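Given the structure is predicted, the values throughout are model-derived calculations rather than measurements. The first residue in the sequence is number 1, and the count goes up from there.
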Amino acid sequence: MSAFSRARHVLSGAAALALMLCSAPAAQADEPVDVELVLAVDVSLSMSPDELEIQRRGYAAALTHDNVLRAIADGAYGKIAVTYVEWAGTSWQRVIVPWTVIASRADAERVVAQLSAQPPNSARRTSISGALEFGSDLFAESGYQGTKQVIDISGDGPNNQGAPVDLTRDGLVKQGIVINGLPLMTRGGFTSAYDVNDLDRYYSDCVIGGPGAFMIPVNDWTQFPEAIRRKLVLELAGPASPQWAAEEAAHPPVVLAQNTPASDCLVGEKMWRNRSWMFDSR
């Protein structure tokens, strides 16, 4: 083959490659949504089977509530992406509802159907930090691009396994993730050996974080459905919205994140180390 023929052959191959690259479909971009929301729900053994069912029913009712659907519809895109996770110890996290878009009541009802398909399970220990780390990993594989990413975490006790929760919280906040809390101060489980009297303050100081982060304490299980509904509205509407103002006018104010921690963020770990028996329910 002459030098001219070789050059023409190379140019022809390059042109063919360029044509293939131009005609290949572009990588699909993540679908835009207003909020990517991880619902992370405590199922440690301190929760009774009845309480686990109350949690499931509370979230199901909230996701299909008119106020929540209105908050979704009022967003710039009119849709959110949500996933529902149950957690206990450091290595026990279960995705009950994978990432799903909610843009209508029908979408919300499909999420509820998945949520109700199987009864909840429970497991030992309480690792809020493990749940937060697991939740943050879920954002990377969501397939959606939210204007904000939120982990909504509920629990009835302090972190007693895994990394220190405040350090984990700080790392996630640096990634732009907002963490809101729902401390369950119901005293209705099998034991109160690892309870702290000021779980709401613990959540405020050690768990929640990020711009506009807040928590809503639950003092009795009868408050749970309303607390979930309200929390979702506030997360989806945002502090500057009329819906936030309306919720604040109708209910006691939420507790916003504090700048200076006052609680001992290792209280759960210390209580676990100082336990006087080998068997536990957390």
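To the nearest 0.5 Å, the span separating CG on Leu37 from CD1 on Ile72 amounts to 9.0 Å. The distance from the OG1 atom of Thr90 to the CH2 atom of Trp92 is 12.5 Å, given to the nearest 0.5 Å. Atoms OG1 and CD1, from Thr100 and Ile80 in turn, are 10.0 Å apart once rounded to the nearest 0.5 Å. One finds the CG atom of Leu236 at 11.5 Å from the CG atom of Asn67 (value rounded to the nearest 0.5 Å). Between Leu69 atom CG and His65 atom NE2 the span is 9.5 Å, to the nearest 0.5 Å. To the nearest 0.5 Å, the span separating CG on Asp152 from CG on Leu232 amounts to 6.0 Å.
Residue-environment remark: CD (Gln175) exceeds the threshold of 12 foreign heavy atoms within 6.0 Å.
Listed by chain and number, the residues in a side chain to side chain contact (heavy atoms under 4.5 Å, CB included) with Ser116 are Val112 (sequence neighbours excluded). Thr83 pairs by the side chain to side chain contact (heavy atoms under 4.5 Å, CB included) definition with Val38, Val85, Val95, Trp99, Leu138, not counting sequence neighbours.
Annotation for Ser136 and Ile151: closest pair N-CD1, 3.8 Å, computed over non-hydrogen atoms. Between Asn121 and Val43, the shortest heavy-atom distance links the atoms O-CB, 3.3 Å. Heavy atoms only, all atoms of each residue included: Ile179 and Ala213 are closest at O-CB, 3.5 Å. Counting all heavy atoms, side chain and backbone alike, Tyr144 lies closest to Val101 at CE2-CG2, 3.1 Å. Here the shortest heavy-atom pairing between Ile216 and Pro183 reads O-CD, 3.6 Å. For the residue pair Asn159 and Gly162, the shortest heavy atom distance occurs at ND2-O, 4.3 Å.
Using a cut-off of 4.0 Å between Lys/Arg side-chain N and Asp/Glu carboxylate O, Glu53 and Arg56 are scored as not salt-bridged. Between Arg169 and Asp166 there is no salt bridge, since none of the side-chain N atoms of the basic residue sits less than 4.0 Å from a carboxylate O of the acidic one. For Lys231 and Glu235, the salt-bridge test passes: some basic side-chain N is under 4.0 Å from an acidic carboxylate O. For Asp66 and Arg105, the salt-bridge test passes: some basic side-chain N is under 4.0 Å from an acidic carboxylate O. Between Glu31 and Lys79 there is a salt bridge, since a side-chain N of the basic residue sits under 4.0 Å from a carboxylate O of the acidic one.
Between the side chain of Glu36 and the backbone N or O of Gln149, no donor-acceptor pair lies under 3.5 Å. Without hydrogens or angle criteria, Gln145 side chain to Asp30 main chain gives no donor-acceptor distance under 3.5 Å. For the pair Ser129 (side chain) and Ala163 (backbone), a donor-acceptor distance under 3.5 Å is present. With hydrogens and angles disregarded, no donor-acceptor distance shorter than 3.5 Å links the side chain of Gln118 to the backbone of Leu115.
Looking only at atom types and distance, the side chain of Ser44 has a donor-acceptor partner in the side chain of Asp42 under 3.5 Å away. Side-chain contact of Thr147 with Asp34: a donor-acceptor pair under 3.5 Å is absent, judged by distance alone.
Residues Asp156 and Met47 form a side-chain contact, since some pair of their non-hydrogen atoms from C-beta on lies under 4.5 Å apart. Residues Asp200 and Met215 are in side-chain contact: their nearest non-hydrogen atoms beyond the backbone lie under 4.5 Å apart. For the pair Leu184/Gln55, a side-chain contact is recorded, criterion being any heavy-atom separation below 4.5 Å from C-beta on. Residues Ile153 and Leu182 form no side-chain contact, since every pair of their non-hydrogen atoms from C-beta on lies 4.5 Å or further apart. Within the 4.5 Å cutoff, the side chain of Asp220 has no heavy atoms near those of the Thr186 side chain. Taking the side chain as every heavy atom from C-beta outward, Lys174 and Leu172 never approach each other to under 4.5 Å. In this structure, Tyr202 and Ile128 have side chains that are in contact, with non-hydrogen atoms separated by less than 4.5 Å. Side-chain contact between Glu109 and Asp107 is absent, with no heavy atoms from C-beta onward closer than 4.5 Å.
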Determine, stepwise, if the pair Tyr59 / Phe224 fulfils side-chain contact (heavy atoms from CB on, under 4.5 Å).
CA-CA 9 Å; Tyr59 279 98; Phe224 187 81; 3.8 Å; yes

Begin with the C-alpha distance, continue with both residues' side-chain angles, and end with the deciding distance and a verdict on side-chain contact (heavy atoms from CB on, under 4.5 Å) for Gln161 and Thr126.
CA-CA 6 Å; Gln161 190 180 39; Thr126 301; over 6 Å; no

Dump the intermediate steps for side-chain contact (heavy atoms from CB on, under 4.5 Å) on Lys148 and Val150, then the final yes or no.
CA-CA 7 Å; Lys148 64 177 179 178; Val150 179; 4.1 Å; yes

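Hydrophobic clustering (ILVMFWY, side-chain heavy atoms < 4.5 Å, transitive): Tyr77 and Val35 are in distinct clusters. Val207 and Val173 are not part of a single hydrophobic cluster, where members link through side-chain heavy atoms under 4.5 Å apart.
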